[in-house]
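A short worksheet on the structure shown next.
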Amino acid sequence: MGQVFKTYLGILFLLLTGLVGIGVVTAGVEVTAARNYHADVISEIECSNFNNGVIEACKHQAQEKGYQLKIADMVYDAEKREQMAEVILSFDYAIPVLNLVSNREIRGFAR
């Protein structure tokens, strides 16, 4: 009788470990998707030469995907009128099995 209890307990722990592992892998995939989206936004801003319409479209698209996108323009050379923008993408890092949710940011610059 004791062996049956130990077997079921072992199966329960194995199942719990598997669920936590799946949650961690899923959170990692979501972080990779956010990093890829951040790189795409920087590329779009650079290719559009800092067009305000493109920046607003990127912000709207980020909201649809569940991200928060902040873009701050900075002029660092007044003679050449070169621009540089700081691109900050905020997203939630979540592992639902452990009820763990935290807000993360990815920062980068578009030139």
message: Would you say CG of Asn99 has more than 12 non-hydrogen atoms from neighbouring residues, nucleotides or ligands within 6.0 angstrom?
response: no
task: Determine, using the 4.5 Å side-chain heavy-atom cutoff (strictly less than), whether Phe91 and Val101 are members of one ILVMFWY cluster.
output: no
Under 3.5 Å donor-acceptor pairs involving side-chain atoms of residues 44-63, not counting sequence neighbours:
residue	atom	partner	partner atom	Å
Glu46	OE2	Arg111	N	3.1
Ser48	OG	Glu44	O	3.2
Ser48	OG	Ile45	O	3.2
Ser48	OG	Asn51	N	3.4
Asn51	OD1	Gly53	N	2.8
His60	NE2	Glu64	OE2	2.9

field: Approximate separation, where rounding is to 0.5 Å, of Arg35 CZ and Arg104 CZ
entry: 10.0 Å
field: Nearest atoms (heavy-atom pairs only) where Tyr67 meets Leu89
entry: CB-CD1, 3.5 Å
List, one per line, each side-chain donor-acceptor pair under 3.5 Å for residues 3-29, sequence neighbours excluded.
residue	atom	partner	partner atom	Å
Thr7	OG1	Gln3	O	2.8
Thr17	OG1	Phe13	O	2.8
Thr26	OG1	Ile22	O	2.8

- prompt: Hey, any chance Val87 and Val31 share a hydrophobic cluster, counting ILVMFWY side chains that come within less than 4.5 Å of each other, even indirectly?
  reply: yes
query: Got a second to check how far Leu69's CG is from His38's NE2, nearest 0.5 Å?
result: 7.5 Å
- prompt: Given Tyr37 and Ile106, is the side chain to side chain contact (heavy atoms under 4.5 Å, CB included) satisfied, shown in steps?
  reply: CA-CA 10 Å; Tyr37 182 71; Ile106 301 172; over 6 Å; no
Nearest atoms (heavy-atom pairs only) where Asp92 meets Glu30: O-OE1, 4.3 Å
